[in-house]
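Just passing along the structure, written as structure tokens.
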Amino acid sequence: MSSETRIRQHVRTALVAGALGAALAIPLAAWPTVARADATSELQSVQQQIQEGNQAYEEATARVEELQAQIDENEARVAELEAELPTQQARAEDSLRALYKMQQGTGSLVDLLLSASDFYELLSTIQYLDVIQSSNNDAIEELQASMKELDQTRFSLNSQMEEAEQEQQRAEDALAQANEARAELEAQIAAQAAAEEAQRRAAIEAAQRAAEEAAAQAAAAAEDEQDATFTTESGSQAPIEVPSSPDAGNVDWSSDKAAFVAEWSARIDAYLAGSPLAGQGTTFAEAAWEYGVDPRFSPAISMIESTQGRYCFLPHNAWGWGSSSWDSWEEAIWDHVEGLAIGYGGQLTYAGAKKYCPPNADYWYAGVLANMERI
């Protein structure tokens with residue numbers, strides 16, 4: 001992972017951790033049963049900071065790359081001139097020595113007179129030597145002027161790069177703070193998860209009882225199969241499912257964006273294969289990375305609310321998401337994932353289930369969790 005990627009990742013983490021940490025600092029006993037403490041306003045502020053921070057980071061990265069390219073180009077030109085300068089100097093020195101000998105000694109003049117067929121040839125030879133000397137001197141002066149200009153450019157670029165490196169140092173300092181904030185946030189989330197454990201287990205047990213009752217009814221009625229269902233937030237019917245564990249576990253955020261998107265897009269595409277949402281794994285993964293949301297969360301909700309987009313109550317609304325509709329899956333996915341970051345902390349919790357689907361939170365929580373386990 002490059003240092004720029006690590007910085008970006010952890011700065012983004014620090015922004016999220018800062019606001020979520022403030023929200024989660026409320027004593028656990030003060031959390032309502034209907035939903036996690038309403039941190040919408042704080043999260044909206046954090047989201048704005050994330051967007052602004054990403055934009056500023058991208059601009060800074062582009063500036064660093066531009067400076068490095070200019071420095072490389074400048075150094076390459078300096079090397080070329082330094083290679084040319086000795087040759088030009090040698091030529092100038094040779095012509096200067098020839099002219100000097102011709103001007104100071106009689107031997108050279110006599111040789112020129114004897115070798116020239118006439119006076120005009122002699123004059124042309126002397127003018128030619130003078131032109132060569134003048135041309136070589138001009139070339140040296142031009143090279144020296146270019147070297148001076150390039151040295152000044154080098155100084156300016158190095159000064160700018162020094163400022164960029166200072167910015168990088170400040171980002172590295174922020175990295176240490178982000179690590180601490182991340183650790184604190186994870187501890188607070190773990191504490192909240194422990195407080196919710198009884199509710200989560202109760203939800204799973206309720207789903208288990210409902211599934212057993214459905215099986216018993218199917219056996220009594222001599223039917224091959226009868227699935228228990230519940231009404232989702234979108235008004236559709238979803239099967240009651242029993243997950244294998246009471247929580248979905250944590251997502252590994254230690255990789256860079258490219259590795260994260262590559263891993264989760266493949267897993268999500270496999271999960272959504274054959275559905276209207278097929279092929280949208282990269283969209284889900286990129287949006288999850290951008291907003292710090294569990295990449296399984298939105299795809300799993302789509303199964304509960306619309307059977308992965310097969311039965312949408314509004315255009316491209318696969319999540320029972322208010323009264324929203326969109327023109328494309330990409331636009332819908334980005335908006336839904338952003339909403340999960342702002343209103344639900346980006347991860348599945350029992351409190352969030354009671355907020356998302358109040359009438360059947362137990363079954364909704366269990367169903368989303370079971371589907372997240374499949375991704």
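Note that the coordinates shown come from a computational prediction; the quantities given were computed from them, not determined experimentally.
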Problem - Trace of the ring-ring contact (aromatic ring centres under 6.0 Å, His included) decision for Trp364 with Phe230 - result: CA-CA 8 Å; Trp364 193 93; Phe230 72 97; 8.5 Å; no
Exercise for the section: Check the angle between the aromatic planes of Phe284 and Trp319 and answer parallel, tilted or perpendicular using the 30° and 60° thresholds. Expected result: perpendicular
Exercise for the section: Scan residues 362-375 for pairs that pass salt bridge (charged side-chain N to carboxylate O under 4.0 Å, His left out), counting only residues two or more places apart or in two chains. Expected result: Glu241-Arg374
Handout entry: Partner set under side chain to side chain donor-acceptor pair (under 3.5 Å) for Ser275, not counting sequence neighbours
Key = none
Fill in the blank from the handout: Sequence neighbours excluded, the answer for side chain to side chain contact (heavy atoms under 4.5 Å, CB included) partners of Ala259 is Ser255, Asp256
Problem - Closest non-hydrogen atom pair, Gly309 against Pro276 - result: O-CG, 3.4 Å
Practice task
Hey, could you give me the CD/CG distance between Gln347 and Asn250, rounded to the nearest 0.5 Å?
Solution key: 7.5 Å
Practice task
Return yes if a side-chain donor-acceptor contact under 3.5 Å exists between Ser159 and Glu162, otherwise no.
Solution key: no
Completion exercise
Nearest heavy-atom approach of Tyr365 to Ala353 is CB-CB, 3.7 Å
Problem - CD/Glu73: more than 12 non-hydrogen atoms of other groups inside 6.0 Å - result: no
Exercise for the section: Please step through side-chain contact (heavy atoms from CB on, under 4.5 Å) for the pair Glu338 and Trp334, ending with a clear verdict. Expected result: CA-CA 6 Å; Glu338 180 183 11; Trp334 275 91; over 6 Å; no
Problem - Any Asn371 side-chain heavy atom under 4.5 Å of Arg296 side chain - result: no
Practice task
To the nearest 0.5 angstrom, please state how far the CZ atom of Phe297 sits from the OH atom of Tyr344.
Solution key: 8.0 Å
Problem - side chain to side chain contact (heavy atoms under 4.5 Å, CB included) partners of Asp72, counting only residues at least two apart - result: Gln68
Handout entry: Hydrophobic cluster partners of Tyr311 (side-chain heavy atoms under 4.5 Å)
Key = none
Completion exercise
Residues at least two apart in sequence or cross-chain that pass side chain to side chain donor-acceptor pair (under 3.5 Å) with His316, listed by chain then number, are none
Completion exercise
Of all heavy-atom pairs linking Ala318 and Glu305, the shortest is O-CB, 3.5 Å
Exercise for the section: Would you please name every residue forming a side chain to side chain donor-acceptor pair (under 3.5 Å) with Ser306, sequence neighbours left out? Expected result: none
Completion exercise
On a heavy-atom basis, the closest approach of Pro243 and Ala366 is CD-O, 3.7 Å
Practice task
List in chain and number order the residues that pass salt bridge (charged side-chain N to carboxylate O under 4.0 Å, His left out) with Glu65, two or more places apart in sequence or in another chain; answer none if no residue qualifies.
Solution key: none
Problem - Check: Gly346 main-chain N/O paired with Asp294 side-chain donor or acceptor under 3.5 Å - result: no
Exercise for the section: Could you please spell out the steps behind the side-chain contact (heavy atoms from CB on, under 4.5 Å) verdict for Phe313 and Glu233? Expected result: CA-CA 11 Å; Phe313 76 112; Glu233 180 64 17; over 6 Å; no
Handout entry: Value rounded to 0.5 Å, distance of CD in Glu286 from CD in Gln280
Key = 10.5 Å
Problem - Pair listing, salt bridge (charged side-chain N to carboxylate O under 4.0 Å, His left out) test, anchored in residues 309-337, at least two apart - result: none
Exercise for the section: Check which hydrophobic residues are tied to Phe155 through side-chain heavy-atom contacts below 4.5 Å, counting indirect links as well, and list them. Expected result: none
Problem - Step-by-step side-chain contact (heavy atoms from CB on, under 4.5 Å) determination, Ile301 to His336 - result: CA-CA 10 Å; Ile301 295 175; His336 185 247; 4.0 Å; yes
Practice task
Take Phe260 and Trp253 through the ring-ring contact (aromatic ring centres under 6.0 Å, His included) test and state the conclusion after the steps.
Solution key: CA-CA 8 Å; Phe260 179 93; Trp253 295 95; 4.8 Å; yes
Problem - Closest approach of Trp264 to Pro295 (non-hydrogen atoms, all atoms of both residues) - result: CD2-CG, 3.4 Å
Exercise for the section: Flag yes if Leu314 and Val337 sit in one hydrophobic cluster, no otherwise; membership is Ile, Leu, Val, Met, Phe, Trp, Tyr, and two members link when side-chain heavy atoms are under 4.5 Å apart. Expected result: no
Handout entry: Partners passing side chain to side chain donor-acceptor pair (under 3.5 Å) against Ser156 (at least two apart in sequence or in another chain)
Key = Gln160
Practice task
Answer yes or no: is there a donor N or O on one side and an acceptor on the other, between the side chain of Asn360 and the main chain of Thr231, under 3.5 Å?
Solution key: yes
Exercise for the section: Using a 4.5 Å cut-off on heavy atoms from C-beta on, say whether the side chain of Asn317 contacts that of Ser325. Expected result: no
Problem - Qualifying salt bridge (charged side-chain N to carboxylate O under 4.0 Å, His left out) pairs, either residue in residues 265-277, two or more places apart - result: Glu263-Arg267
Exercise for the section: Would you kindly say whether Ser302 and Gln308 are connected by a side-chain donor-acceptor distance under 3.5 Å? Expected result: no
Practice task
Taking all heavy atoms of Ser265 and all of Ala262, pick out the closest pair and write down the distance.
Solution key: OG-O, 3.3 Å
Problem - Distance, nearest 0.5 Å, that separates CE of Met303 from CG of Leu277 - result: 10.0 Å
Practice task
Could you walk me through whether Tyr363 and Ile304 pass the side-chain contact (heavy atoms from CB on, under 4.5 Å) test, one step at a time?
Solution key: CA-CA 10 Å; Tyr363 300 150; Ile304 299 302; over 6 Å; no
Handout entry: Matching residue for Thr282 among Val261, Ile268, Ile333 - test: side chain to side chain contact (heavy atoms under 4.5 Å, CB included)
Key = Val261
Handout entry: Any Ile375 side-chain heavy atom under 4.5 Å of Pro299 side chain
Key = yes
